[in-house]
Amino acid sequence: MRLATWNVNSIRARVARTVDFAVRENIDVLAMQEIKCKPEQFPYAPFEEAGYEVHAHGLNQWNGVAIASRLPVEDVRTAFPGMPGFAKGHEGPDQPQEARAMGATIDGVEVWSLYVPNGRSLDDPHYTYKLDWLAALTEYTRSTLETTPELPLALVGDFNIAPTDEDNGDPTVIVGLTTHVSPPERHAFRQLLAAGLADTVRPLVPTGFTYWDYKQLRFPRNEGLRIDFVLGSPAFADAVTGAAIHRNERKGEIPSDHVPVVVDLDLTGPDDDDRPMFW
DNA sequence: ATGTCGTAGGCGCTACGA
């Protein structure tokens with residue numbers, strides 16, 4: 001299976017480019033974030049003509065996640081248990097959930113397309129929401145892998161955190177001043193990994209950014225951030241045979257500000273290799 | 001230059017989120 005994640009920054013603005021990429025790169029499963037539309041507005045036809053079924057979750061013009069797949073999709077979910085909600089000006093419990101998560105089971109892999117809250121600024125309620133959202137995701141991961149430790153579980157998407165200084169090439173993103181690099185956010189990311197996940201791309205693609213702001217020539221200057229990840233449980237991570245960050249997708253006509261991140265999986269398992277010749 | 005995008009509301013812009 002070839003699995004990709006891409007924050008497309010409006011699927012309606014970039015559907016041709018997105019489908020072209022999926023076909024050209026032979027993507028089986030494409031997790032999208034920031035589709036910026038409701039399901040009834042999603043441009044399904046180009047995907048379906050290319051052989052993909054699409055499941056979309058969007059509530060308004062903001063956020064929104066989707067999964068396109070050439071393989072059968074089961075158990076589609078639009079939130080993980082305990083996922084916090086948020087509504088500006090309505091602090092406190094029982095806030096409505098946003099369209100930031102879609103889970104599905106595909107070829108035995110539990111895949112989540114995730115759009116972690118941005119945080120906006122360190123003193124914004126959205127920042128607290130971001131940390132709470134990540135803590136709930138971590139608890140879901142921990143409990144899931146406690147119950148089913150052999151599950152190939154993949155959390156993919158835009159995490160809106162640059163986990164290390166090497167992941168931050170934007171001079172306006174500064175520890176102590178801005179989101180994405182603050183110690184609490186980085187701690188939350190480490191806690192998510194500690195729940196039983198590995199960054200499956202970094203070992204194969206040790207450097208490189210996945211996002212460059214549209215403003216101030218960030219891409220020509222290569223002043224980006226590495227904030228899009230494919231995190232996998234042991235069973236998933238062990239199946240990864242390749243990875244790529246498609247930097248060229250930041251070029252050309254009306255690019256997203258993010259690029260796709262791709263992993264290749266061999267899900268047949270190690271047993272096949274160990275099988276005796278005489279079997 | 002708060003320097004670019006995308007969407008909504010509703011018609012040339014502003015508001016909002018990122």
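Order of the sequence lines sets the chain letters (A, B, ...), proteins ahead of strands, with each chain counted from 1. Basis for what follows: all heavy atoms, side chains included, without hydrogens, waters or symmetry-related copies.
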So does R226(A) pair up with E166(A), basic N to acidic O under 4.0 Å?
no

Backbone N/O of V8(A) and side chain of K36(A): donor-acceptor pair under 3.5 Å:
no

C1' spacing across the pair dG17(B) / dT2(B), given as an integer number of angstrom:
14 Å

Is any NZ, NE, NH1 or NH2 atom of the basic residue among D170(A) and K215(A) found under 4.0 Å from an Asp or Glu carboxylate oxygen of the other?
no

dG10(B) versus dA15(B) - spacing of their C1' atoms, nearest Å
13 Å

Could you check how far CG of D228(A) sits from P of dA18(B), rounded to whole Å?
15 Å

Please test N222(A) against R250(A) for side chain to side chain donor-acceptor pair (under 3.5 Å), starting from the C-alpha separation and ending with a verdict.
CA-CA 11 Å; N222(A) 196 28; R250(A) 187 63 177 75; over 6 Å; no

Salt-bridge contact D264(A)-R2(A) (side-chain N to carboxylate O under 4.0 Å)
yes

If I pick the C1' atom on dG3(B) and the same atom on dA18(B), what distance separates them, to the nearest angstrom?
16 Å

Whole angstrom is fine here: how far is it from CG in D170(A) over to C1' in dA18(B)?
13 Å

Given the ring of Y115(A), does R100(A) sit roughly above its face, with NZ or CZ under 6.0 Å from the centre of the six-membered ring and within 45° of the axis?
yes

dC5(B) phosphate, OP1 or OP2: any side-chain N/O from R250(A) under 4.0 angstrom?
no

Presence of R100(A) side-chain N/O under 4.0 Å of dA18(B) phosphate oxygens OP1/OP2:
yes

Checking all strands, does R12(A) fall into the base, sugar-phosphate, or nothing category for heavy-atom contacts under 4.0 angstrom?
sugar-phosphate

From CH2 of W62(A) over to C1' of dG6(B), roughly how many Å is that when rounded to an integer?
11 Å

Nearest heavy atom decides the nucleotide; on that basis, is I254(A) or D257(A) closer to the 5' end of DNA chain B?
I254(A)

Report the distance from atom CZ of F159(A) to atom C1' of dA18(B), rounded to the nearest whole Å.
18 Å

Has R14(A) got a side-chain N or O lying under 4.0 Å from the OP1 or OP2 atom of dG6(B)?
yes

Separation of dG10(B) atom P from Q61(A) atom CD, nearest Å, is 13 Å

Check the distance between dG17(B)'s C1' and D158(A)'s CG and give it to me in whole angstrom.
13 Å

Please state the P separation for the pair dC11(B) and dG6(B) - nearest whole angstrom.
23 Å

Ranking S10(A) and E34(A) by the position along DNA chain B of their nearest nucleotide, the one closer to 5' is S10(A)

Y115(A) near the nucleic acid: base, sugar-phosphate alone, or nothing, with a heavy-atom cut-off under 4.0 Å?
sugar-phosphate

Proximity to the side chain of Y214(A) - top-ranked nucleotide from dC5(B), dG17(B), dT7(B):
dC5(B)

For Q216(A) and dA1(B), what is the distance between atoms CD and P respectively, to the nearest whole Å?
12 Å

Length of the CG-P vector between N118(A) and dC5(B), whole Å:
18 Å

Quick one: is Q41(A) getting a side-chain N or O under 4.0 Å of the dA8(B) phosphate, OP1 or OP2?
yes

